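One structure below.
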Number of protein chains: 4
Amino acid sequence: MDREQRKRLPIFEAAIKVFSEKGFEKATVDEIAERAGIAKGTIYYNYGSKKNLFLSLIEEGIERLETAVKKEIARRNNVRTKLEALITVQLQFFDDYNSFCKVLLSEVWGRDTRWEEKAERIRSGYFSIIKDLIDAGKVEGVIKKELDTGTTSSALFGMIGIAALDRFLFEKEYSYEDILNTLKSIFFSGIEK
Amino acid sequence: MDREQRKRLPIFEAAIKVFSEKGFEKATVDEIAERAGIAKGTIYYNYGSKKNLFLSLIEEGIERLETAVKKEIARRNNVRTKLEALITVQLQFFDDYNSFCKVLLSEVWGRDTRWEEKAERIRSGYFSIIKDLIDAGKVEGVIKKELDTGTTSSALFGMIGIAALDRFLFEKEYSYEDILNTLKSIFFSGIEK
Amino acid sequence: MDREQRKRLPIFEAAIKVFSEKGFEKATVDEIAERAGIAKGTIYYNYGSKKNLFLSLIEEGIERLETAVKKEIARRNNVRTKLEALITVQLQFFDDYNSFCKVLLSEVWGRDTRWEEKAERIRSGYFSIIKDLIDAGKVEGVIKKELDTGTTSSALFGMIGIAALDRFLFEKEYSYEDILNTLKSIFFSGIEK
Amino acid sequence: MDREQRKRLPIFEAAIKVFSEKGFEKATVDEIAERAGIAKGTIYYNYGSKKNLFLSLIEEGIERLETAVKKEIARRNNVRTKLEALITVQLQFFDDYNSFCKVLLSEVWGRDTRWEEKAERIRSGYFSIIKDLIDAGKVEGVIKKELDTGTTSSALFGMIGIAALDRFLFEKEYSYEDILNTLKSIFFSGIEK
DNA sequence: GATGAATGAGTTTTCATTCAT
DNA sequence: AATGAATGAAAACTCATTCAT
């Protein structure tokens, strides 16, 4: 860990927690500083502004997701297994970082103008991975050509995300395996017998 | 329109706009009042608090969605067509009120503790409609029994919601028909050929 | 009871309660109206303003005290028994209307400029009764001439008032007789054996 | 004066003035800040709330009174002179800080529930000093045993307080010596010849 | 006479940001 | 590099008062 990280890391972790619990607006820099055990000024020294701290967080989070997804995808050699891997990794990510994902969904997907280009870049960056897979599947002939690629991609992201959040946040008990199998089953072959 | 509505309606409409544009926290009562063309005190006289105004909005919105969905469902006589109707109505609703739905998703589905019981009641109220249909389908034998009902319901809600928002908010051009058909196709028979 | 009183009385009683519980500033016209079971406008129709309602209350209260005191004083024929009567009546009054007296002490005696002439007239009106008795006592030769009349009067008012309030408001149990005897004993012959 | 005091002191002094002139409710944090020559936020940074600022003031004031009283009491060796000292110090205190005392009387003694425990602790703290002296006097045999201790204590506090305030606030001219002697004379040997 | 919906000036409080140390 | 006291703009909310009905 380099010198810069020594201060940045505790801030990062405290920020995730506070933003998750309170949402962007309700979270205060004071509380983040206190939980990180550093002075408020230090946050401004390192990140410049609350907004920028938040964006760094989101960026870092999505990067980790992207990295994990891309790594797993690279290890498979057909669209079907690549998509299965994507679902598994994304679900796992939502499970591991569900409070972060809550923020992601409500603050980044929920808004449009507020986070401007940066949020938009983050969003479309991840989506293009899915889109590329869908398109590849059409070319390979394993995915129905009549499906709209954009809709299919966001539908996949949405079904995993909302289902995951709903399970992880609102239900006390749930079977991770059941969720995963249900999602795969629906996405690949639909609900009908 | 009775007397009570004379002042309440303009507040309602202004509130929807402002909350949609800014989100709950960023929206100010001052702006809502100004846009409604009434004094700020009038909002407090009628709604008691900003939070309560927002909740009334959400409640009214979900009620309209529920009413529309239930009405269409009642007119069909099997699970497949009922679910098709639900998808159609929900997509239509997201199309008609997309800025309202953005708030809905980010403020009500995005948070847990913040809106407490009322938001929770609203959320689970709508979900139980979907769950009942899924369960009925399993009984009828047209839906795979191995699917987890809860996951299936939230997956459906999520795929429609996120796809709709993504299309309606971020894309300039989109085909409503394509989105609808894609969603139905995925949900009922999956993406695979 | 004449027509005017039919509306004024319930307002009066509700006002006493609310002002006593909350103090002048914290008391709201809304609450007074609600407790009186009439519309807010009616209070303004009858009293013109919150301040005026309050002042009417104080005036009426002091008038009752003055009347009771004067009546008892008139029935005695020497300063000693007149003063004893005054102490008894004032203590009784503070016991009967202790919440009203709390307001009296804190809002009228506690302030100077706020209630201006009217409060001042009320205050000095009651004080002059005591002063006259003290002076008469000096002339009669039963009261020490070296005592400052003004100081003696306010000291008497203060010892009764504060003692009464302290007993009636802060102590659960107290003996009315003990308080009365203690006050008389101190005022007439001091604490020393 | 340490660093903390550099900003706290001007706030303190401005607050005393404003609260004394207006009373707690009518006083505004805006005015206190303006008179202290600092920003409004600084008051909240240092005291947290208007209520807390007020309470700190009262606490500090009573502490000074208590300290002064205790110091003088300790220097005397019998109840009579101790009580004389108490009367002198309290009267002096009311003379020096009469505007502060006005607030003290109306906001702390006038209310019950509003300032809750803290105000109650302040009140009973001071009263127990007087009570202890009275009880000691009874034991010593110099004070009449038939007097109720509680009533005697509050009567003493009340006669000094109300007399002082009445003189210092409402009369243009008064003799400090006359007031002091009159109070002592009444309290120890009563008004009668 | 009585009402109560509407008002808007005025208050407390919060908090991101700055900057002297 | 790091700090944290100070700031001030902005926001939610209150409530005495008015006035059309």
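Everything quoted here is computed from the prediction, not taken from an experiment. To find a chain, count down the sequence lines: A is the first, B the second, and so on, and within it residues start at 1.
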Legend entry - Gly41(B) vs Gly41(C), nearer the 5' end of DNA chain E by closest nucleotide: Gly41(C)

Inset, instruction - Could you pick out which residue, Tyr44(C) or Ile43(D), lies toward the 5' side of DNA chain F when each is mapped onto its nearest nucleotide? - result: Ile43(D)

Inset, instruction - Please determine if a side-chain N or O atom of Tyr45(D) lies less than 4.0 Å away from the OP1 or OP2 oxygen of dA6(F). - result: no

Legend entry - From Phe54(B), Phe100(B), Phe12(B), residue fulfilling ring pair (Phe, Tyr, Trp, His ring centres under 6.0 Å) relative to Phe19(B): Phe54(B)

Inset, instruction - Give the rounded distance in Å between these two atoms: NZ of Lys26(C) and C1' of dC15(F). - result: 12 Å

Legend entry - Within-4.5 Å side-chain heavy-atom neighbours: Val29(C) and Leu53(C): no

Legend entry - Nearest-nucleotide comparison on DNA chain F, the residue closer to the 5′ end among Ser49(B) and Gly37(A): Gly37(A)

Inset, instruction - Using a 4.0 Å heavy-atom cut-off across all strands, classify Ala27(C) as base, sugar-phosphate, or nothing. - result: sugar-phosphate

Inset, instruction - Report yes if at least one side-chain N or O of Asn46(D) is closer than 4.0 Å to OP1 or OP2 of dA5(F); otherwise report no. - result: no

Legend entry - Salt-bridge contact Lys17(C)-Glu21(C) (side-chain N to carboxylate O under 4.0 Å): no

Inset, instruction - Classify the side chain of Lys40(C) versus the base of dT17(F) as yes if they form a donor-acceptor pair under 3.5 Å and no if they do not. - result: yes

Inset, instruction - Determine: side-chain N/O of Lys50(D) to OP1/OP2 of dT12(E), distance under 4.0 Å, yes or no. - result: yes

Legend entry - Residue pair Lys26(B) / Lys22(B): nearest heavy atoms and the distance that separates them: CB-O, 3.2 Å

